[in-house]
Amino acid sequence: MIRTEELLLNVGPQHPSTHGVLRIVVKLDGEVIKEATPVIGYLHRGTEKLAESLNYTQIIPYTDRMDYLSAMTNNYVLCYAVEKMMGIEVPERAQFLRLIVMELQRIASHLVWWGTYLLDLGALSPFLFAFKDREKIVDLFNELCGARLTYNYMRVGGVKWDAPPGWIDKVRDFIPYMEKQLQDYDRLVTGNEIFLNRVKGIGKYDAETAIAWGLSGVNLRCTGVKWDLRKDEPYCIYDRFEFDVPVGKNGDCYDRYLLRIEEIRQSLRILKQAVEQFPSSGETMGKVPRVIRPPEGETYVRIEAPRGELGCHIVSKGKAEPYRLKFRRPSFNNLQMLPKLLVGETMSNLIAILGGVDIVLGEVDC
Amino acid sequence: MKGMIQGLGVTLKTMFSKKVTYAYPDEPLKMPDRFRGIQHFDPDKCIVCNQCARICPTQCITLTGKPNPDPEKKGKVIDTYDINFELCILCDLCTEVCPTEAIVMTNNFELAAYSRDELFKDREWLENNNTNIRQDNNNIGAPQRGGAK
Amino acid sequence: MSEEQKREESRPAEPEAARREDAAEARTGGPADARVENAGEEKRDEPAAEGGRETVTAREASGGGSAGTEAGQPAQPQPDAASDQPASAAGAEAEGKAAPAGDGDGARAGDGADAGTGKSGGEAADAGKAAVDPEREAKIRAAQEARAARLAAKAAAGAAAGGAAAGKDAAAAEPKPPSPKQPWLDEAVELLKTEVHPEAVEEATINALSDDMPTIVVKAEHWPAAAKLLRDHEKLGCRYLRNVTGVDYETHMEVVYFVINMETKREYAIKIRTDREHPSVPSAVPVWPGADWPEREIYDLLGIEFPGHPNLRRILMPDDWVGHPLRKDYVPLDPEV
Amino acid sequence: MTKWLEQPLSWENALFFTAMAVVFLLIVLLYVVYAILFERKVLGWMQWRHGPNRLGPWGMFQTVADVLKLLFKEDTIPRKADRALFIIAPALCYAPSFAVLAVIPYTRELYFADLNVAVVYYAALSAISTIAIVLGGWASNNKYSLLGGMRSGAQMISYEVPLVLSIVGTVMMTGSMNLRKIVEAQGDWFWQWNFLPQIIGFGVFLVAAVSELNRSPFDLPEAESELVAGYHTEYSGFRFAFFMLAEYVYMFAIAGLASVLFLGGWRPPAPFLDFIPGIVWMILKMAFVIFFLFWLRATMPRVRIDQLMGFAWKVLLPLAILNVFVTAVGLELFIKG
């Protein structure tokens with residue numbers, strides 16, 4: 001009688017499609033996955049321990065490196081938490097700059113996801129298409145705050161740099177350009193039959209499991225739950241713009257794909273309104289005491305980062321350094337559902353599901 | 001089948017459109033003014049106030065001052081000033097808090113080196129790294145502009 | 001401002017030697033870590049005060065430090081200049097202690113001083129100098145008294161400024177109208193008392209700093225039942241666990257669960273306190289499967305046991321790692337990091 | 001070549017044949033070098049970039065440099081690998097690909113063998129390469145290459161069948177399996193070539209050919225994102241070059257076959273164009289087919305293994321059989337009737 005054994009396979013940590021240093025120990029029976037256990041911690045830099053001995057302005061460069069694909073939203077969540085504790089009023093122009101910059105960051109982050117997801121599924125060109133368009137956004141950031149990836153742009157109470165002359169017009173021209181590119185993307189990929197049957201009906205779960213597992217962002221909305229913090233718990237000045245929250249139906253990889261593309265369109269819509277209502281002049285830094293010392297106590301704020309609900313829980317003892325700083329990282333919670341999804345799937349589906357969940361290891365390990 | 005043919009159409013169209021890549025090593029890359037490259041240090045402006053060393057999140061700046069050589073002037077003059085570029089993350093906080101803009105970012109970013117000790121830039125190297133210095137420094141952190149002590 | 005800075009800066013060179021030999025003979029075993037840690041912190045603030053900037057909490061912290069009171073308990077109005085003497089003496093000794101490597105979180109602060117995160121370093125040298133140079137000391141003490149006076153005035157006016165409301169919630173809540181989320185809080189406390197256990201709830205407050213988040217402190221042994229109630233009760237229905245945080249308060253450990261009901265946006269922060277020796281909080285995984293990894297992370301970084309957790313293993317640290325890094329008394333492996 | 005082939009075998013015409021074979025091998029190697037460069041340039045152009053342009057004008061020496069690099073690279077053999085099989089596999093994979101080229105008629109006189117069973121000859125020899133790939137996967141004793149080898153074995157076998165069946169239509173139309181006769185049987189005008197009456201056959205042939213070459217939508221064996229590098233994970237140095245060489249020479253063969261069977265071989269698209277020698281037309285048509293393969297690689301994502309199998313047996317095979325049936329009916333009605 002032929003004795004078949006299960007094959008123990010290490011997908012990662014150095015693997016072309018695990019979006020960073022994630023290792024999944026997969027027990028394979030032929031092509032079918034019996035059991036998958038993700039192993040994380042390869043990129044753990046102890047940000048939370050370091051933050052306990054740095055004052056708030058020094059922590060901001062560390063938040064850039066948490067979710068390195070959307071540094072702006074990380075900066076914002078820390079500043080938002082401290083501003084809420086100290087009750088600092090952020091001037092109008094700074095709020096607008098923050099919103100424009102975060103929405104641009106959301107588009108850039110979704111573009112990177114789109115490029116790498118297609119690369120995982122085997123198509124080579126979309127990656128280059130995505131980075132061509134992301135380059136335009138990164139150039140905008142480079143002009144605004146001097147960096148391409150780790151911006152260190154926001155400060156408690158406002159933003160460091162004001163928009164250079166002509167910057168807002170460049171953002172205004174970027175919007176129609178991007179909309180035209182999105183049509184190209186749809187024609188290149190969304191209709192492609194090979195892509196469709198690689199993605200349709202894969203990694204399906206329902207709203208109940210999504211809520212029970214604490215998923216957030218597109219992974220939650222793809223099951224039909226309409227929960228977007230920009231609408232449900234408005235922060236910054238999101239409540240002044242109307243945009244709608246795309247919601248999926250059957251919670252599979254294809255829905256997640258469509259939602260993210262739709263979110264890029266919605267972000268473009270917000271940007272259009274924000275650029276119109278952009279105040280022509282005004283302060284970029286609010287009234288901030290010389291040394292930032294939040295009063296004793298704790299606060300938990302959360303915003304809608306490209307990957308889901310990004311929260312920041314600060315416990316302060318009234319000193320210049322936080323007593324305890326905890327980030328609720330969306331990729332960390334979204335990843336814990338993966339083993340449940342993978343049982344019974346094949347190897348290529350593992351890659352499709354992992355890409356669909358859109359995790360960034362810098363954020364998972366923090 | 002229709003989706004595939006549309007996809008082929010897009011790639012064919014791209015084949016004949018203008019390319020977007022730039023030949024970096026041959027033509028130097030022109031960075032916008034605010035770009036945060038390697039720092040430039042101007043020793044005479046420095047009042048050895050230790051602010052930059054204090055604000056640096058990775059503590060990579062070490063400096064020592066010495067009393068002013070000519071007797072009638074008070075205060076200190078910078079003696080040694082080095083930045084360890086293995087740790088420096090170019091986060092621009094040092095230029096933000098410097099009251100006299102002695103430390104300023106430039107636009108050049110080539111930091112590749114063959115050995116680690118080449119990454120310890122001392123004062124004199126930082127001084128003559130004076131090509132395309134950044135004009136607008138916006139040191140909102142400096143004391144006179146309400147920055148943190 | 002800058003000339004005073006110069007004066008203060010001119011001294012770091014000479015006391016360097018003084019501080020080094022201080023460190024050598026002051027290398028005592030160190031009383032309870034908390035003390036060192038407090039002193040380390042207090043040293044950081046005391047020089048900050050001396051640096052000529054008046055700050056709200058510096059006095060409180062140094063007062064709290066030297067009196068050895070609970071760090072958590074908000075320091076009441078400061079003792080007058082008399083406490084100043086022990087403070088600066090403690091300052092010198094503490095600053096000495098801060099120098100030795102690898103001595104608890106204090107060392108972390110101490111490293112900060114050594115490696116010239118500067119601010120405290122510069123001042124620490126300055127404090128050391130005061131011990132050596134008596135006539136300077138008078139001038140410093142005068143400056144401190146002036147500051148104490150100004151500070152007391154400021155603290156009194158602080159309540160209105162809101163920012164300085166600090167821990168005294170109750171006092172601040174009265175003048176403000178009862179927050180809109182108060183009924184939610186009372187309702188939840190009511191339900192917990194009736195359904196779960198009369199004294200299940202230790203404390204119930206509205207956290208003004210976080211959009212009046214209703215915060216309930218639940219006893220550890222009633223936590224599983226309370227969790228089930230929170231999720232399944234039709235009025236509460238908090239089915240979405242959004243965040244789990246572990247906090248080490250040096251006197252006790254605390255795990256905070258943030259749960260929310262998506263439809264009615266009813267949100268609670270549930271705190272469970274355990275002691276530090278062998279902290280354990282019943283796991284919430286049977287109620288919210290989403291708590292699986294966050295609890296494993298808290299176990300890994302803070303060492304809080306979670307009985308009832310399906311597979312409680314280290315998640316971020318290598319499996320053979322010793323110690324829990326986020327604890328305040330964690331001794332880092334290589335101190336000069 | 002015809003008169004040389006008819007003569008009885010003698011020393012000097014045997015020598016002549018070996019010389020011709022060596023010259024042809026050099027031409028094919030030259031083709032491979034510039035096909036690799038052309039592929040990388042075309043992929044580049046289709047992705048908004050220039051493709052290799054640093055070595056030599058327009059990157060001409062890029063592939064030469066790659067081949068030299070592979071020559072100098074140390075080709076390691078994994079310790080626990082099955083040494084003999086590991087060494088044979090690349091050779092076994094390359095040899096049939098070059099042998100297959102003999103049977104394709106490039107112009108009226110330029111052909112190396114005039115077999116009347118050319119089609120079957122091609123099918124037989126290309127199967128040997130499949131065995132070599134599975135052998136390579138097994139011999140390198142690495143989980144990933146084992147999976148890659150298994151997959152490619154299954155894929156090659158299941159696509160061999162529709163490939164050969166799709167040719168049956170053309171063979172029926174021309175009544176002979178000799179490729180030269182097939183080209184002569186096609187008409188002068190391009191719409192009289194075989195690809196129009198045999199459109200289904202041509203489609204099935206192209207799809208099966210792409211899968212036979214392990215290229216783009218069907219490149220399961222060396223699916224980088226899943227199996228890191230498929231069967232040639234452990235190969236490095238010149239052994240790896242052999243696998244690459246085999247793939248490109250097979251592409252040459254498939255392009256030759258496609259243009260001979262369906263695109264009228266060396267025949268010009270219109271009679272008045274026949275002052276241009278046949279070889280030019282043959283090269284143009286082969287270049288078009290090769291460009292089409294590159295074009296597919298730039299656009300298509302990868303098909304999953306079970307979809308790949310299902311597609312072969314459930315879609316391509318029935319289509320091929322349908323094509324044979326339609327051709328039979330067509331012949332019956334139009335030609336004989």
Side-chain angles (χ1 to χ4, degrees), chain A residues 5-12 14-19 24 26 28 30-33 115-133 135 181 184 187-202 257 345-352 354-355, chain D residues 39-40 42-51 137 141-155 207 210-211 214-230 233 293-311 314-315:
Chain A
E5 251 172 49
E6 268 150 11
L7 184 72
L8 210 58
L9 196 63
N10 261 332
V11 180
Q14 284 75 26
H15 190 279
S17 66
T18 48
H19 297 263
I24 305 178
V26 172
L28 274 179
E31 280 279 337
V32 175
I33 297 172
T116 45
Y117 189 44
L118 265 305
L119 198 57
D120 296 349
L121 296 181
L124 303 178
S125 304
F127 185 76
L128 275 307
F129 277 66
F131 271 73
K132 162 178 72 67
D133 301 331
E135 193 63 23
Q181 296 309 320
D184 264 3
R187 289 217 317 277
L188 180 65
V189 172
T190 318
N192 194 315
E193 285 74 13
I194 301 177
F195 169 75
L196 288 183
N197 45 36
R198 266 308 289 280
V199 163
K200 263 208 160 86
I202 314 285
Y257 171 87
E345 294 288 349
T346 63
M347 274 301 286
S348 25
N349 279 353
L350 173 138
I351 301 295
L354 187 61
Chain D
E39 165 156 31
R40 292 174 63 177
V42 163
L43 276 186
W45 293 332
M46 289 193 178
Q47 294 167 352
W48 301 96
R49 55 188 173 85
H50 291 296
N141 186 19
N142 161 339
K143 284 182 200 148
Y144 283 132
S145 33
L146 179 64
L147 267 178
M150 292 300 168
R151 279 188 178 185
S152 73
Q155 175 182 345
V207 173
V210 166
S211 163
N214 285 339
R215 277 193 66 83
S216 175
F218 307 99
D219 53 357
L220 261 310
E222 70 302 302
E224 315 73 27
S225 54
E226 286 130 37
L227 305 176
V228 180
T233 319
L293 294 177
F294 297 161
W295 193 9
L296 273 184
R297 179 163 181 215
T299 324
M300 294 300 164
R302 190 173 299 113
V303 177
R304 218 180 37 224
I305 183 80
D306 45 348
Q307 289 163 354
L308 179 90
M309 291 303 148
F311 188 68
K314 297 199 192 100
V315 174

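All values below come from the heavy atoms of this structure, side chains included, with hydrogens, waters and symmetry mates left out. The shown structure was predicted, so the numbers you read here are calculated from the model rather than taken from an experiment. Lettering of chains follows the sequences in order, A, B, ..., and the numbering in each one begins at 1.
Residue A/L350: no heavy atom, backbone or side chain, is found under 4.5 Å from chain D. If you measure heavy-atom distances from A/N197 to chain D, the contacts under 4.5 Å come from both the backbone and the side chain. Contact annotation for A/L196: neither backbone nor side-chain heavy atoms come within less than 4.5 Å of a heavy atom of chain D.
D/Q155 places no side-chain N or O within donor-acceptor distance of the main-chain N or O of D/L308, the cut-off being under 3.5 Å. In terms of modelled atom types and a separation under 3.5 Å, the side chain of A/S125 and the main chain of D/T299 share no donor-acceptor contact.
In this pair, A/Y117 and A/F195 present their aromatic rings perpendicular. The plane angle is above 60°, beyond the 30 to 60° band.
A/Y257 is listed as a side-chain neighbour of A/V189, based on a closest heavy-atom distance under 4.5 Å.
Between chain A and the residues D/L146, D/D306, D/I305, D/V303, the largest count of heavy-atom pairs under 4.5 Å involves D/V303.
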